[in-house]
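Here the structure is laid out as structure tokens; the discussion comes afterwards.
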Number of protein chains: 2
Amino acid sequence: MLTIGQLAAYAGVTIKAIRHYHERGLLAEPDRDSSGYRRYSAGDAVTLIKIRTLAGAGVPLARIKDLLDADPDALAAAIGEIDRDIDERITRLQVTRDQLSQLRGGDWLFVSPQVADYLDDLRNLGVSERAVRVERDGWILMQTASPEAAASWIAEKRELMADPEFRDLYLAHDAAYDWSPEDPRLPGLADRTRTWLTTHPSRSECEPVDNPAIARLAAQSQPGASSPAWERLARLMGASPASG
Amino acid sequence: MLTIGQLAAYAGVTIKAIRHYHERGLLAEPDRDSSGYRRYSAGDAVTLIKIRTLAGAGVPLARIKDLLDADPDALAAAIGEIDRDIDERITRLQVTRDQLSQLRGGDWLFVSPQVADYLDDLRNLGVSERAVRVERDGWILMQTASPEAAASWIAEKRELMADPEFRDLYLAHDAAYDWSPEDPRLPGLADRTRTWLTTHPSRSECEPVDNPAIARLAAQSQPGASSPAWERLARLMGASPASG
DNA sequence: GCTTGACCCTGCCCCTGGGTCAAGCTTCGA
DNA sequence: TCGAAGCTTGACCCAGGGGCAGGGTCAAGC
């Protein structure tokens, strides 16, 4: 006959766990010896190892309790189910591992794949990290408000980026962020932008999304995301569609 | 700006979890609107997805809190560590899955491999399941008391099973369990057993282990594990070494 | 203007699967 | 014979939330 410590060592379980199983009714309380110590049989060891194996597989104790006195067929069925569950957990762990590796490596985790691709395009174009971050945050807000609308907008915008003049304007606006508000290039840039806007009517019903000013709009909620040069640019463009 | 429900939906997390992260200091409490609702920014969504990813990998919340404002090098190191941890958990899950499959398939899980082999030998010999179970339980008790001694005994016993006369005696004792106590074969079996015991002095210091009577000894703790025929057999063998 | 349903707020207790500590008894080995 | 190790019960603690209570808010439809 075994003491609780011997049983625990044999089954590879802590003493505390055994008492826990007693409390939950998984393992019957054995008889006590004259001093009140619990005394276990070999059958208890067999049961305990079953419990440990099932618990190690993540089966809840309440379910283990049922399985222990289920008929062999039910047990076999349950084991099959648990087995599939383990497989699923393994694949989920592998997914998690992949996601972890993406934590160091861009925005893939935070936005839809389409937006992530778009952000990568921006980076390849030489857009500043600041602008990329502002775009990312804007797209997150849009995706939250309406994932379908964001999906169609992002498609439209990626198409737009194929236009060299638009790309040029985008990069110029990005660069202008750091210019002095008295920079002589600002009026010309404002003119070019206005011209582009009038010759390229937006197809989407939400105009600001389609031009670089979206960055300023999205940025309004973030302190310090605008600049003196951009403020002047906005004034120069006057009542352009972007300012509404 | 997002409500807590929108943020939760975007990040794939429950509202309750977000509030929990606020309590734990993982995610800063955002400003409230006029009605006291929390209002979130896109940056909160980015942080929350980081939290979710790390938490999904099993990283404790307290550690996530540290990692969120750690420098990139420390984060990369931590991610490497977490990655190894996930690998380990995957292999452990695979081991668990193997053990699970053994739950339906014998005694492999409950005793040492040597004892499991021995029990399989017994089954192949045609020994009754009752006797196998009694042997298994006896070996569990022995292994718990002294794994090394049990290891040498099991080796000795498997050697012994190579002796045809011993095998024969073992099977006869097993079969005798179900005989009538008046069965005329019992005196002859008692004689054969006594003869074998005198011509085969035990090498181990613990004699009962080396002969079939171990089954009876181990069974004494289990009610109903003996039988009328066995009782008579014990009386017939008189003061044999097995009866002590 | 009123209702209805969805959403949000705080605060509390509950769960699993144990770990840890305390205070006192028993058993074992030298 | 004495100290170390082992056993007893009981109470409290942890993560990571879930669920419920009891209430406030908001937007739409009638």
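Below, chain A is the first sequence line, B the second, and so on; all start at residue 1.
Here Ser35(B) does not reach the OP1 or OP2 of dC8(C): none of its side-chain N or O atoms lies under 4.0 Å away. When the side-chain nitrogen and oxygen atoms of Arg38(B) are compared with OP1 and OP2 of dT10(C), one or more of them lie within a distance under 4.0 Å. Note on Arg24(A): a side-chain N or O is less than 4.0 Å away from OP1 or OP2 of dT16(C).
At a threshold of 4.0 angstrom between heavy atoms, the contacts of Arg39(B) with the nucleic acid are absent. Nucleic acid contact class of Val13(A) (heavy atoms, under 4.0 Å, all strands): none. Residue contacts shown for Arg32(B) are limited to sugar-phosphate atoms, with no base heavy atom under 4.0 Å away.
Remark: the backbone N or O of Phe110(A) is paired with a side-chain donor or acceptor of Tyr10(B) at under 3.5 angstrom.
In this structure, the NZ atom of Lys65(A) is 16 Å from the C1' atom of dC15(C), given to the nearest Å. Between the CD1 atom of Ile15(A) and the P atom of dT9(D) there is a distance of 12 Å, rounded to whole Å. Across the protein-nucleic acid pair, Ile18(A) atom CD1 and dG19(C) atom C1' stand 15 Å apart, rounded to whole Å. Atom CD1 in Ile51(A) sits roughly 11 Å away from atom P in dG18(C) (whole-Å rounding). Taking atom CZ on Arg19(A) and atom C1' on dC12(D), their separation rounds to 15 Å, with Å as the unit. Put simply, CG on Leu27(A) is 13 Å from P on dG18(C), counting in whole angstrom units. The CE atom of Met1(A) sits 15 Å away from the P atom of dT27(C) (whole-angstrom rounding). In this structure, NE2 of His22(B) is placed 15 Å from C1' of dG17(D), rounded to the nearest angstrom.
In this model, a side-chain donor or acceptor of Tyr37(B) finds a partner on the base of dG24(D) within 3.5 Å.
Both Pro60(B) and Gly5(A) sit near DNA chain D, but only Gly5(A) has its closest nucleotide nearer the 5' end. Each of Thr3(B) and His20(A) was matched to the nucleotide of DNA chain C holding its nearest heavy atom; the match closer to the 5' end belongs to Thr3(B). The residue among Asp33(A) and Tyr21(A) whose nearest nucleotide of DNA chain C lies closer to the 5′ end is Tyr21(A).
For the pair Arg130(B) and Tyr177(B), the cation-pi test (distance below 6.0 Å, angle within 45°) is passed. By the 6.0 Å and 45° rule, Arg133(A) does not stack over the aromatic ring of Trp139(A).
Judged by Watson-Crick or G-U wobble contacts below 3.5 Å, the nucleotide dC12(C) has dG19(D) as its partner. Taking a pair to require two hydrogen-bonding distances under 3.5 Å in either a Watson-Crick or a G-U wobble arrangement, dA6(C) pairs with dT25(D).
Here the side chain of Lys16(A) is nearest to one of dC8(C), dT20(C), dT27(C), namely dT20(C). Here the side chain of Thr14(A) is nearest to one of dG19(C), dT16(C), dA15(D), namely dG19(C).
When side chains are defined from C-beta on, Ile4(B) counts as touching Tyr40(B), because their heavy atoms get closer than 4.5 Å.
For Asp87(A), the CG atom counts as densely surrounded, since its 6.0 Å shell holds more than 12 non-hydrogen atoms of other residues, nucleotides or ligands.
Partner Tyr118(B) forms a side-chain hydrogen bond (donor to acceptor under 3.5 Å, both in side chains) with one of Glu135(B), Arg158(B), Arg123(B) and no other, that one being Glu135(B).
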